[in-house]
Number of protein chains: 2
Amino acid sequence: MLNGRTPSVKDVAAAAGVSLGTVSNVMNRPEVVSARTRERVERAMSELGFVRNESARQLRAGTSRTLAYVMLDGTNPFFHDVAQGIELAAEDADLSLFICNSNSRSAREAVHLDRLLQQRVQGILITPVDPAAPHLDELTRRGVPMVIVDRVRGADSCCSVAVDDVLGGRIAVEHLAEQGHTRVAFIGGPESLGQVRERLAGAREIWESLGRDPEDLVYLPTEALTVAEGRTAGERLAGLPTRRRPTAAFCANDLLALGLLQQSIGAGLRVPDDLAIVGFDDIEFAAAAAVPLTSVRQPRQELGRAAAQLVLDEATNPDHRHQQLQFTPELVARASTANRARVL
Amino acid sequence: MLNGRTPSVKDVAAAAGVSLGTVSNVMNRPEVVSARTRERVERAMSELGFVRNESARQLRAGTSRTLAYVMLDGTNPFFHDVAQGIELAAEDADLSLFICNSNSRSAREAVHLDRLLQQRVQGILITPVDPAAPHLDELTRRGVPMVIVDRVRGADSCCSVAVDDVLGGRIAVEHLAEQGHTRVAFIGGPESLGQVRERLAGAREIWESLGRDPEDLVYLPTEALTVAEGRTAGERLAGLPTRRRPTAAFCANDLLALGLLQQSIGAGLRVPDDLAIVGFDDIEFAAAAAVPLTSVRQPRQELGRAAAQLVLDEATNPDHRHQQLQFTPELVARASTANRARVL
DNA sequence: GGCCGTCTTTGAAATGTTTCAGTGACAGTA
DNA sequence: TACTGTCACTGAAACATTTCAAAGACGGCC
């Protein structure tokens, strides 16, 4: 008898007058059990309020019904959108999702990974602090399916999903050039981030291929990709002598762009007339800004969904091959770069 | 021998030349095993790369080392801040955290809860679609520790953590009155949300206690608490005849306020001179807006942390008593309501 | 030498599920 | 009647850990 205990298959079996195995069959291969017994077992289950114990199932099965996403920065909505995409895919596969946040700290990341290993998750999606960190190799060594999100890792050592950041940089700056800007700032940092390097590289590439003077693409480094750093960059921009001051800024992400926008408007500048701004990511708040932000869109949810599918393939398909999926970013033009009355 | 398999306690025991029980003791009560054997076992563990199997531990222990948060709306950063607070508390207690998102849909919520039940999570934190939903009673009936976040549920049937929304409404409108506004709009909805009702109630309460005409507190209902609805409300506001048009708006949350701000500025209004705006929650983006938003702050992380502590108390303390924790909101005044040159 | 107490270590049971070889029962066929 | 095959169900083993009573080792003391 169950006294307070939550009922187990055994209790259900007793109540329905069948064996353990039959109850299990009702849950896992209903087609092999006769309609009459199945019904009887199902009634017993609902009468007892039976709920499958996932730990026991997993212990026996050797594998859990769980995925995990270790995100890089919980204060950036971009990552939550990615997580949302992952969750949808997990839902489709009837899996649960652990969400962890490393907050850009490698030690925290390691702690999370260790816990996830103990949980025997089916796969790990991660936007790592450092794609080359040894604790990531550890995962591959153990054979845990892993997908890097929004970063790439050399040598096909695992799957990854990202956007073509170089291209993103190109289309942003190309757009500004088309709008007639001849002096443009690139705002972003630290350079240790692959994204920042590549977006800058793309910007420079197109700038020079348009025959512009490299000097006219001003690099304003920041210490992080945050709203506060965007404001600071705005102040530095305002401090430049008028002749050298860019009329447009391309920010390495939307948080910087929002900070820059706020600072500029507060200082009495008109956007886009005095300063045009392009962001990157196209988070919801870019479109919601007082002056809606032009931004290079990443397919955020799609990124997450694709990553989840890759990790599931690695987990279930024996001839899985690692892939480096690369999505194409897309410029979304809004008011912050609207064509101005050209006075050259 | 382990061929590819991930090593178990048994393998460690064999490698170290001790029994299973001793290995377990090394992990769980190191003080009872002699220094020499402990060291030997630890070496074996690290040589084999042993990682505890959490499912097996949990199966035997009967309880998992896992918490869960079911959030209401993943597009609102407010809930992610709450989640962040929960995660910090979970981390302190060495627990993992499942994060789910019901997206305001009751069916999804039920699906998530069912899965969490199967996982035998230690406790569930939830911001429910409907605090009176029967699947929540189900949880209490089963004895799963549960805490309602940012809502209250009658009858002390479980713990809850929230902010005093009536007070929040009062301080917001009181602030606007102090700034000299004599016609104020309340923007929010649907009224089925407890928060909306209470914030409105607080607004009305203080308005009347200041001796103002109830007619001068205009209620503009919305269909949801989103940026888009905020814009729509802005259009409706602009459509009012000048004499009846409020000079200030109190929005039921920051997303509405951001939408309203965007629409207003786009329409050429000056904020705060033509329209003052107060939001609610004080999410990061409120401070980051082009015109920094005045907002009623909820201690978002603190809310999550407190909720996690309550659920842990319920899970571990036999004489746990349900509590309804209520935090005090606080007005954060910024430019969107800055004192204007008074022309009465 | 026998007894006692302390400190370590052991071995077996128990947790809830899934799987799989095996057992009956029953109908159809020779 | 005996054989074959199909269908529905059973029973026991296995998964990796924790717990706990019991056993063993060792030294001190009478």
Side-chain angles (χ1 to χ4, degrees), chain A residues 1-42 44-45 48-66 115 117-121 142, chain B residues 1-42 44-45 48-66 115 117-121 142:
Chain A
M1 271 295 86
L2 55 158
N3 19 359
R5 261 194 323 103
T6 104
S8 72
V9 262
K10 186 148 49 171
D11 302 310
V12 173
V18 297
S19 75
L20 293 197
T22 302
V23 177
S24 176
N25 281 337
V26 169
M27 295 190 286
N28 302 307
R29 338 188 192 32
E31 69 279 5
V32 311
V33 17
S34 75
R36 252 167 49 85
T37 17
R38 189 182 338 138
E39 197 184 300
R40 202 142 41 91
V41 170
E42 275 162 356
M45 282 179 165
L48 292 173
F50 170 77
V51 176
R52 216 204 214 102
N53 183 327
E54 179 60 30
S55 311
R57 169 210 253 258
Q58 163 177 346
L59 175 57
R60 172 63 224 231
T63 167
S64 76
R65 304 204 52 71
T66 301
R115 219 200 302 287
L117 238 33
Q118 295 191 19
Q119 301 274 2
R120 299 289 194 273
V121 294
R142 286 187 188 280
Chain B
M1 271 294 89
L2 54 157
N3 20 2
R5 261 194 325 101
T6 103
S8 71
V9 263
K10 184 146 50 169
D11 302 309
V12 173
V18 298
S19 75
L20 294 197
T22 303
V23 178
S24 175
N25 281 337
V26 169
M27 295 190 286
N28 301 306
R29 340 189 191 31
E31 69 281 3
V32 313
V33 16
S34 76
R36 251 168 48 87
T37 16
R38 188 181 339 138
E39 197 185 299
R40 203 142 40 92
V41 170
E42 275 161 356
M45 283 180 166
L48 292 174
F50 169 77
V51 176
R52 217 206 214 102
N53 183 326
E54 179 61 29
S55 312
R57 169 212 254 259
Q58 163 178 344
L59 176 57
R60 171 65 224 224
T63 167
S64 76
R65 306 204 51 71
T66 302
R115 218 201 302 288
L117 239 32
Q118 295 191 20
Q119 301 274 3
R120 300 289 195 272
V121 294
R142 287 188 187 280

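Heavy atoms only: backbone and side chains are in, while hydrogens, waters and symmetry mates are out. The chains referred to below are lettered A, B, ... by the order of the sequence lines, with proteins before strands, and numbering in each begins at 1.
Considering only residues two or more places apart in sequence or on other chains, A:Arg142 meets the salt bridge (Lys or Arg N to Asp or Glu O under 4.0 Å) condition with A:Glu138.
In DNA chain C, the stems built from three or more successive Watson-Crick or G-U pairs (distances below 3.5 Å) are C:1-30 with D:1-30.
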Verdict with reasoning, B:Val51 to B:Thr6, per side chain to side chain contact (heavy atoms under 4.5 Å, CB included): CA-CA 8 Å; B:Val51 176; B:Thr6 103; over 6 Å; no
Test log, rule side chain to side chain contact (heavy atoms under 4.5 Å, CB included), inputs A:Val23 and A:Lys10: CA-CA 8 Å; A:Val23 177; A:Lys10 186 148 49 171; over 6 Å; no
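For the atom pair A:Gln58 CD and B:Gln58 CD, the distance stands at 8.0 Å (nearest 0.5 Å). Here the CZ-CE distance, from B:Arg57 to B:Met27, works out to 8.0 Å after rounding to the nearest 0.5 Å. Between the CD atom in A:Glu54 and the CG atom in B:Leu59 there is a gap of 11.5 Å [rounded to 0.5 Å].
Look at CD on B:Gln119: it is 14 Å from C1' on C:dT17, rounded to the nearest Å. We find that CZ of B:Arg65 is positioned 14 Å from C1' of D:dT18, with the value rounded to whole Å. Between B:Glu31 atom CD and C:dT9 atom P there is a gap of 13 Å when expressed in whole angstrom units.
The main-chain N or O of B:Asn25 is never found under 3.5 Å from a side-chain atom of B:Asn28 such that the two would form a donor-acceptor pair. Panel note: side chain B:Arg120, backbone A:Arg52; a donor-acceptor pair is recorded below 3.5 Å. Looking at B:Gln119, its side chain never comes within 3.5 Å of a backbone N or O of A:Asn53 through a donor-acceptor pair. With hydrogens and angles ignored, the 3.5 Å screen pairs a side-chain donor or acceptor of A:Arg40 with a backbone N or O of A:Ala16.
Near DNA chain C, meaning a heavy atom under 4.0 Å away, there are no residues from residues 32-40 of chain A.
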Under 3.5 Å, which N/O atoms of the protein pair with N/O atoms of nucleotides 10-12 of chain D?
| unit_1 | atom_1 | unit_2 | atom_2 | d |
| --- | --- | --- | --- | --- |
| D:dT10 | OP2 | A:Ser19 | N | 2.8 |
| D:dT10 | OP2 | A:Ser19 | OG | 3.1 |
| D:dT10 | OP2 | A:Thr22 | OG1 | 2.6 |

Please list each protein N or O that sits under 3.5 Å from an N or O in nucleotides 14-16 of chain C, with the distance.
| unit_1 | atom_1 | unit_2 | atom_2 | d |
| --- | --- | --- | --- | --- |
| C:dA14 | N3 | B:Arg60 | NH1 | 3.1 |

N/O contacts under 3.5 Å, protein versus nucleotides 21-25 of chain D?
none

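B:Val121 approaches B:Ser64 most closely through the heavy-atom pair CA-OG, 3.5 Å. Considering all non-hydrogen atoms of both residues, A:Val9 and A:Phe50 come closest at N-CE1, 3.5 Å. Residues B:Ala15 and B:Leu48 come closest through the heavy atom pair CB-CD1, 4.0 Å.
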